[in-house]
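Since the structure comes first, as structure tokens, the remarks are kept for the end.
Quick caveat, the model's predicted, so the values are computed rather than measured.
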Amino acid sequence: MHTLFLLSLSLSIYIYIYIFKKKKKKKNSIYIYILMEGLEEGLPRSKFKRICVFCGSRTGYRSSFSDAALQLGKQLVDRKIDLVYGGGSVGLMGLVSQTVFLGGCHVLGVIPKALLAEEISGQSVGEVRIVADMHQRKAEMARNSDAFIALPGGYGTMEEVLEIIAWAQLGIHDKPVGVLNVDGYYNSLIELFEKGVEEGFIEDSAMHILVLADSPGELINKMEEYAAVHEGVAPRQSWEVDQLAATTASGDVPLS
């Protein structure tokens, strides 16, 4: 009995089975992902209650992208962090949301009404909040999150993370922005930012905004230590007043 007790403490097996269809060359392929992880002991209580994850509605061609999405979801569960994301149930979005939901944490998906048929195929999990458009989607996701993480993704993912970086540079928020650089997926984007610094379009200090790591655990640890630095921007209070005025006029959700 003592041996079994020790084994139960030292090892926790999580088996998540994800079945989804991916059309390629007019054939449906069934992918089953089984994640078995040892219990991560001694994780400190995170200061983040909710993290927003930007990621693709596709899984990409490399299995490492799906593995990273599953591992990130597992990290959120282990640290008791709820998920805010774009509301889809396919691709990396589906893998992250299913992992967090099955792990017992809250999942909030925010999706524009026009994209329901495009991004949600199958049954979504957690709370789904339908908004009017893409602008309201990003504002709502940001308002409900303490930090942001980008997994690999396409134009939509890159646009979301670039805008949230720009908001940080302007002082609209002080929340950490992390990029999970799986297999160097974002190397070219980082090089573009460095080129912007070299050519005088981006301040050196603005490179500090982006938190980079190759693994989910390392990334969240780095984000926990992040300290915001803003130079030459309007005080946050003035942004909040402007947003309140804009909200009154348009009915959009303000960022907080």
Side-chain angles (χ1 to χ4, degrees), residues 48 50-60 65-66 68-69 72-73 76 81-97 100 107-116 118-120 124 126-182 185-190 192-193 196 202 206-213 216 219-220 223 226 228 239 243 246 252-256:
F48 305 131
R50 296 162 298 194
I51 289 182
C52 177
V53 175
F54 303 127
C55 58
S57 57
R58 302 182 181 186
T59 56
F65 299 150
S66 295
L72 176 58
L76 296 180
I81 301 173
D82 294 333
L83 171 68
V84 178
Y85 81 117
S89 62
V90 293
L92 300 187
M93 298 173 80
L95 295 180
V96 173
S97 61
V100 175
V107 173
L108 171 62
V110 184
I111 187 167
K113 183 177 180 180
L115 292 183
L116 282 171
E118 181 74 18
E119 292 189 9
I120 295 185
S124 58
E127 177 186 357
V128 177
R129 191 169 300 173
I130 301 173
V131 295
D133 53 38
M134 295 293 287
H135 299 292
Q136 189 176 358
R137 179 198 216 181
K138 288 181 288 186
E140 186 75 0
M141 291 166 72
R143 186 176 68 85
N144 284 277
S145 303
D146 302 315
F148 308 89
I149 290 177
L151 280 163
Y155 287 143
T157 300
M158 294 181 189
E159 185 270 339
E160 287 169 330
V161 72
L162 285 172
E163 182 160 2
I164 214 68
I165 290 171
W167 287 355
Q169 182 183 23
L170 293 171
I172 297 176
H173 72 83
D174 293 328
K175 302 171 183 179
V177 183
V179 167
L180 192 54
N181 194 23
V182 183
Y185 181 79
Y186 282 108
N187 284 352
S188 296
L189 184 61
I190 303 307
L192 179 61
F193 293 162
I202 300 175
M207 292 295 290
H208 171 74
I209 294 172
L210 201 61
V211 181
L212 288 169
L219 181 61
I220 296 175
M223 291 169 65
Y226 173 82
W239 286 108
Q243 289 168 50
D252 286 342
V253 178
L255 171 66
S256 61

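- Note on ring orientation: taking the six-membered ring where Trp is involved, the planes of Phe65 and Tyr185 are perpendicular (angle over 60°, cut-offs 30° and 60°).
- Annotation for Ser57 and Val90: closest pair O-CG2, 3.4 Å, computed over non-hydrogen atoms.
- Residues meeting the salt bridge (Lys or Arg N to Asp or Glu O under 4.0 Å) test with Arg58, sequence neighbours left out: none.
- For Asn144 against Arg50, the heavy-atom pair with the smallest separation is O-NE, 3.0 Å.
- Side chain of Lys175 to backbone of Ile164: no donor-acceptor contact under 3.5 angstrom is found.
- In this structure, OG in Ser89 is found 10.5 Å from CG in Leu95, a value given to the nearest 0.5 Å.
- Two residues are said to be in side-chain contact when any heavy atoms from C-beta on lie closer than 4.5 Å; Ile81 and Asp146 fail this criterion.
- The shortest non-hydrogen separation linking Gly153 to Tyr186 is N-OH, 3.8 Å.
- Note that the CD1 atom of Ile111 and the CD atom of Glu140 stand 13.5 Å from one another [nearest 0.5 Å].
- Pro176 and Met223 make their closest contact through CG-O, 3.6 Å (heavy atoms, listed as atom of the first residue, atom of the second, distance).
- Between the CG atom of Asn187 and the CG atom of Leu192 there is a distance of 12.5 Å, given to the nearest 0.5 Å.
- Using a 4.5 Å heavy-atom threshold, the side chains of Val161 and Val177 count as touching.
- Side chains of Met134 and Leu115 form a contact here, defined as non-hydrogen atoms less than 4.5 Å apart.
- Side-chain contact between Ser66 and Leu92 is present, with at least one heavy-atom pair separated by less than 4.5 Å.
- The shortest side-chain heavy-atom distance between Phe193 and Leu162 falls under the 4.5 Å cut-off.
- The side-chain heavy atoms of Leu180 and Pro216, taken from C-beta on, include a pair separated by under 4.5 Å.
- Between the side chain of Arg137 and the backbone N or O of Gly86 there is at least one donor-acceptor pair closer than 3.5 Å.
- Residues satisfying the ring-ring contact (aromatic ring centres under 6.0 Å, His included) criterion with Tyr85, sequence neighbours excluded, are absent altogether.
- Listed here is the closest heavy atom pair of Thr59 and Gly91: CG2-CA, 3.6 Å.
- Here the CD1 atom belonging to Ile190 is positioned 6.0 Å from the CE atom belonging to Met207, to the nearest 0.5 angstrom.
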>> Please evaluate residues Ile149 and Val211 with respect to the criterion side chain to side chain contact (heavy atoms under 4.5 Å, CB included), reporting the C-alpha separation (whole Å), side-chain torsions for both, the decisive distance (0.1 Å), and the verdict.
In response: CA-CA 9 Å; Ile149 290 177; Val211 181; over 6 Å; no
> Where do Leu72 and Ile220 land on the side chain to side chain contact (heavy atoms under 4.5 Å, CB included) test, with the steps shown first?
Replying inline: CA-CA 9 Å; Leu72 176 58; Ile220 296 175; 4.3 Å; yes
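- Within the 4.5 Å cutoff, no side-chain heavy atoms of Leu219 are placed close to those of Asn181.
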> Between Val53 and Leu83, does a side chain to side chain contact (heavy atoms under 4.5 Å, CB included) hold up when you go through it step by step?
Replying inline: CA-CA 7 Å; Val53 175; Leu83 171 68; 3.5 Å; yes
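- Remark: side-chain polar atoms of Tyr226 are not paired, donor with acceptor, to backbone N or O of Leu210 under 3.5 angstrom.
- Glu160 has its side chain out of reach of Phe148: every pair of non-hydrogen atoms, C-beta onward, lies at least 4.5 Å apart.
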